[in-house]
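Here's the structure, in structure tokens; my notes come after.
Within every chain, numbering begins at 1; the chains are lettered A, B, ... in the order of the sequence lines, protein sequences first and strands thereafter.
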2 protein chains.
Amino acid sequence: MTGHATIAESLREEGYRLTPQRMMILAIIYDSEGHLSAEEIHQRVRQQYPFVDISTVYRTLNLLKKLRFITETDLGDECVRYELVDKGRHHHLICRQCGASFALEHELLAPLAPRLLEKYGFAADLDHFAIFGLCQQCRPEGPALAAKKGQQHGDA
Amino acid sequence: MTGHATIAESLREEGYRLTPQRMMILAIIYDSEGHLSAEEIHQRVRQQYPFVDISTVYRTLNLLKKLRFITETDLGDECVRYELVDKGRHHHLICRQCGASFALEHELLAPLAPRLLEKYGFAADLDHFAIFGLCQQCRPEGPALAAKKGQQHGDA
DNA sequence: GAGGTAATTGCAACTTCTTGCACAAATGAC
DNA sequence: GTCATTTGTGCAAGAAGTTGCAATTACCTC
Ligand SMILES: [Mn+2]
Ligand SMILES: [Mn+2]
Ligand SMILES: [Zn+2]
Ligand SMILES: [Zn+2]
């Protein structure tokens, strides 16, 4: 059984209906390599089935998010992006200055979960974080501490 | 010098102009106890100065966010909320089931920063996180259930 | 204080995402 | 397959947040 069929089965077991729209959206998320926007998903769906509305895409994504099959993350882009939880837990470090993005392995965040559980009785999801900050290049005390103080307003 | 005057001074030193709109927004953020929405700020500004546009509020909030005087956080509410960084660093645990919110002291997240710096050369902001998950009441193995069973096990 | 200049504002249009509602269709029972 | 139930969809309107632009104004120099 392929990945998206497994999720589809879970959906049905939970009492949700398996519509062509949902199946297409699931297949698209499965076939792609992570971080799709709703608009990208909508465009791919419409290639097969041109009358699907963007609101259906959003409703499906919100359903899959609620059931924790996908994550919804603001990666500092202009829109929120969606990714399968199932393809390996990981996070992202994103430079607020240059926009560079680095994968953060889950192992560094993982110890947090038992601590939150012990101290607060809280079972944290820790599915897919975007942590903002300054990358090595952009840090004031960075490696190439050469160029400095050239900052202006209104940069992109 | 009061708090918002200190930030105002910093703004001017960075070359930004001190408009009445900016001063009012700063004062409102300073006078309130955290987690204001843009709409709330807008309403309070208009009580003093009725022609201020909501876009000016957003532009000011984005400026203060860029300069790291305030944080912008999605607390699971219907809109994003803003809070002063300066009033003590902290985070929030939010139950995705019942919506309950618990303060998380910064000390639990703080050890992450040096690890990210060491391993990735990344200086993470770690200013104000909202961590979603299940609270003690909503967990499948919550305290009530454990009490019924007469069990108590520290999970780690 | 007046004048020049560039940042900032208000407005309107726009983007992203959500929601109410009538109709369509997935599902289960027969 | 048909029927009944009840969920899901498309559409249009709405809410939250952004942006282009012309007019205003903060701030610097005199
Ligand atoms: Mn990812
Ligand atoms: Mn807070
Ligand atoms: Zn960078
Ligand atoms: Zn809860």
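Note that the CG atom of A/L108 and the NE2 atom of A/H90 stand 14.5 Å from one another [nearest 0.5 Å]. To the nearest 0.5 angstrom, B/L61 atom CG is 4.5 Å from B/I70 atom CD1. The distance from the NE2 atom of B/H92 to the CZ atom of B/F132 is 10.5 Å, given to the nearest 0.5 Å.
When each of B/N62, B/I25, B/I28 is paired with B/V57, the side chain to side chain contact (heavy atoms under 4.5 Å, CB included) condition holds for B/I25 and for no other. Evaluated for a salt bridge (Lys or Arg N to Asp or Glu O under 4.0 Å) with B/R81, the options B/E40, B/E72, B/E39 yield exactly one hit, B/E40.
Atom pair B/I25:CD1 and C/dT9:P shows a separation of 8 Å (rounding to whole Å applied). D/dA16 atom P lies 11 Å from atom CD of B/Q43, rounded to whole Å. We find that CG of A/L36 is positioned 17 Å from C1' of C/dT16, with the value rounded to whole Å. Remark: P of C/dT8 and CD of B/E14 are 12 Å apart, rounded to the nearest angstrom. C/dT18 atom C1' lies 15 Å from atom CD of A/E39, rounded to whole Å. A straight line from NE2 of A/H42 to P of C/dT18 spans 14 Å, rounded to a whole angstrom. Rounded to a whole Å, the CG atom of B/D53 is 17 Å from the P atom of D/dA23. Straight-line distance from the CG atom of A/D77 to the C1' atom of C/dT15: 14 Å, rounded to whole Å.
Counting heavy atoms from C-beta on, the side chains of A/D125 and A/T71 never come closer than 4.5 Å.
When all heavy atoms are compared, the tightest approach of B/L134 to B/C95 is CA-SG, 4.0 Å.
Nearest-nucleotide assignment on DNA chain D puts the 5′-proximal partner with B/V80, out of B/Y49 and B/V80.
A heavy atom closer than 4.0 Å to some atom of DNA chain D occurs in A/Y16, A/R17, A/T19, A/Q21, A/R22, these being the qualifying members of residues 15-24 of chain A. Residues from residues 54-68 of chain A with heavy atoms under 4.0 angstrom of DNA chain D, sorted by number: A/S55, A/T56, A/R59.
No side-chain donor-acceptor contact under 3.5 Å links B/H128 and B/H91.
A/K87 contributes no side-chain N or O that, together with a main-chain N or O of A/E33, makes up a donor-acceptor pair within less than 3.5 Å.
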